[in-house]
Amino acid sequence: MSETNEHAAGDSVPELKQRIRELAGMLHACRLRMPNAPAEAVREMAESEERFALAVRGTNDGIWDWDIRSGKVFFSPPWKSMIGYEDDELENVFATFETLLHPEDHDRVLDTLNDYLAGSIPRYSVEFRFRHKDGSWRWILARGRALRDENDKPYRMAGSHTDVTERKQAEEELRQARRAAESANSAKSAFLANMSHEIRTPMNGVIGMSELLLGTDLNETQREYLEMLKLSADSLLELLNDILDFSKIEAGRMELDAHEFDLSEVVTEISQAMGIRAFQKRLVFKHHITPEVPVRLIGDDGRLRQILVNLIGNAIKFTHKGGVTIEVSMESETADKVTLHFKINDTGIGIAADMRESIFEAFTQAEHSTARRYGGTGLGLAICHDLVALMQGRIWVESQPGEGSTFHFTAAFGRTSGISIKPRSPRIQPVVIAQSSMKVLIVEDGHVSQLVGARMLEKRGHVVTLASNGKEAIDRCDKEAFDAILMDVHMPGINGYEATARIRQAEKASGRHVPIIAMTANAMKGDRERCLAAGMDDYIAKPLRSAELFQVVEQFALPSAAPEPAQPPPAPTPPSPRPQTETPPFDLAEFRESTGDEKLMRKLVAIFSEDAQKYLRKAEKALTAGKARPLYEAAHSLKGMLGVYAARKALTLSSELCEYAHAGDLKGAQIMLDQLKKECALLGDALLAAFGPGT
């Protein structure tokens, strides 16, 4: 036992000696500061500083005490050992501190110290590098406070040093990791942009040529094979778009484009489009928006469509009998925001309980077998999950295997001035279409893309000139005038951006402006903005779709020389009857292209009269009751249906009926409804004439 005590006492000798040196140093400092102070006061000061030293001793901090007047400094032994020195190896003077500072940090630290002493900054706290005895550099956090006399002049300052080297190293490692991640993201974005361009370019030929061939006379077998080819190409394009969207969300580059839109129109149009798929599977398809939901909202209707199309498409895909229902209701509201609750209910195969959370993760399928039976990549729901989060909402599913599923999601939207648009004079302007042939210059270095674009426009009745590069385009524009230019962006030699700049420069002298439409296989965020900033008027992404191509080109068509329609008198006086035109009730080629299936076209023709009359009766009933909102909804439903049949005139009339309903002009709506009834009757006769009464 005594032997143990002797060992313990022996081990404590160095520590006691070190404490004696510390206390002696503090007492010496006290005498320097208070040379004539009473012994009792000196002893109390020493005891106070001893307590402070003992408190600091249990930490990793080193303390320092600087007599500003004399320049003497007390550096505690831990302060010195922190940088590898024994207590007697460093002199207790301010110069010691200064000489140990890293040359790059020296001026900054002293400036901070002087600013604090001068009262320019409220506290002294600074990080710097301090030289260790072994020559390495340690990161130190220094903090301190000064005592000031009655004239606010500092005479003493004390504080601590903390070794923060490990934290600084961790921060540097984190910075390097962030730089590496940013570099990897940049490389990934560049790779995706290149892959998008490389894949979309050949797909332009596959999809474009498929559309062109489907518009020709084919036997039943040829049409079936070609439709399968186009379906496969469309699936590949959908996969590419999903991967690009998921990558943009993952990189934090997905942004919402908020603007005012019509919710009823969005839901109706999606229901009409997706209803065709449901019809093919003999499923019942319904949609309902509760009355308290505002018609017009502020948000990104494009991304909302993407979510709905994905969820409805899944519901139809996994449902073999029964039906699919869409419901929209109010979740909550404030003065400037509404949160809506969307429900997509199906009677399909359902989802197992252990998969209900994981299906929202990337590349996850509800069952391993679904990838083989139903197809898909498992990206759709992951994209929906992230888009809903961007809309300040959440998404979840309720399901039982064999009993169907209900997908719920909420999303926040801005409010407009109210549920109904303020009364205004309805717009009575026919949709601008190419009444006469346009001269279009296609600038494209790829032969397939040249052929696809040219054939689509020529079949539409336009005159097409080809140029293989930017220089040829500039030369062509110098020699002749064009109504529009489709400009490929990436070409050897003079690219699309440079060619556009030179054409715009030449136009300054001539005073004319030719619409230039960027035509590119790039589809990443910012591509459209770069094209518009370069002086182009619009943008279309490859692969080209004929309907989209016609819309983007023909928006620049000059109006025909036909007489202007009479201006409508102020509400509530009914509008003047629309001038008669020779526009056919529907476009057979466009109808065939939009459906892509001869059998489906015949089914749609067979059900046209029944569906059209259903919506017309709803509109008539709403008018009789004097209710503008149900009239608007019926007109929108009819508008969405007519869009499937490529019935331009009927579509225009239904759009105008919507305008009157929004404006609350029921007298004008009655006249427009009467015209729409006549046009629907003509359309029904034209459909039967084209496909035969036995359809």
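Being a predicted model, the structure only gives us computed values, none of them experimental.
Side chain of Gln613 to backbone of Glu610: no donor-acceptor contact under 3.5 angstrom is found. Looking only at distances, no side-chain donor or acceptor of Lys649 sits under 3.5 Å from a matching main-chain atom of Glu679. Between the side chain of Asp300 and the backbone N or O of Leu256 there is no donor-acceptor pair closer than 3.5 Å. Judged by distance alone, the side chain of Asp483 and the main-chain N or O of Val440 form no donor-acceptor pair under 3.5 Å. Looking only at distances, a side-chain donor or acceptor of Arg415 sits under 3.5 Å from a matching main-chain atom of Thr334. Thr216 contributes a side-chain N or O that, together with a main-chain N or O of Leu213, makes up a donor-acceptor pair within less than 3.5 Å. Between the Arg223 side chain and the Leu214 main chain, a donor and an acceptor come within less than 3.5 Å of each other.
The structure places CG of Asn310 at 4.0 Å from SG of Cys384, a figure rounded to the nearest 0.5 Å.
Asp301 and His259 form a side-chain donor-acceptor contact under 3.5 Å, judged by distance and modelled atom types alone. Between the side chains of His287 and Glu327, no donor N or O sits under 3.5 Å from an acceptor N or O. Asn345 and Thr406 are linked by a side-chain donor-acceptor pair at a separation below 3.5 angstrom, with hydrogens and angles left out of the test.
More than 12 heavy atoms of other residues, nucleotides or ligands sit less than 6.0 Å from atom NZ of Lys439. Around the CD atom of Glu480, the shell of radius 6.0 Å holds more than 12 heavy atoms that belong to other residues, nucleotides or ligands.
Using cut-offs of 30° and 60° on the angle between ring planes, the pair His408 and Trp396 is parallel. The aromatic rings of Phe342 and Phe409 lie parallel to each other, their planes meeting at an angle below 30°, with 60° marking the opposite boundary.
Listed here is the closest heavy atom pair of Ile298 and Ala258: CG2-CB, 4.4 Å. When all heavy atoms are compared, the tightest approach of Pro294 to Val338 is CG-CG1, 4.3 Å. In terms of heavy atoms, Leu683 sits closest to Ala647 at CD2-CB, 3.5 Å. Here the closest non-hydrogen pair linking Ala412 and Gln392 is CB-CB, 4.1 Å. Of all the heavy atoms in Val388 and Arg394, the pair that sits closest is CG1-N, 3.3 Å. Across Val514 and Arg512, no two heavy atoms sit closer than the pair CB-NH1, 3.9 Å.
Between Glu507 and Arg504, at least one side-chain nitrogen of the basic residue sits less than 4.0 Å from a carboxylate oxygen of the acidic one, meeting the salt-bridge criterion.
No option in Thr325, Ile316, Val324 other than Val324 meets the side-chain contact (heavy atoms from CB on, under 4.5 Å) test with Ile344.
When the side-chain hydrogen bond (donor to acceptor under 3.5 Å, both in side chains) test is applied to Gln670, the partners found at least two apart in sequence or on another chain are Asp674.
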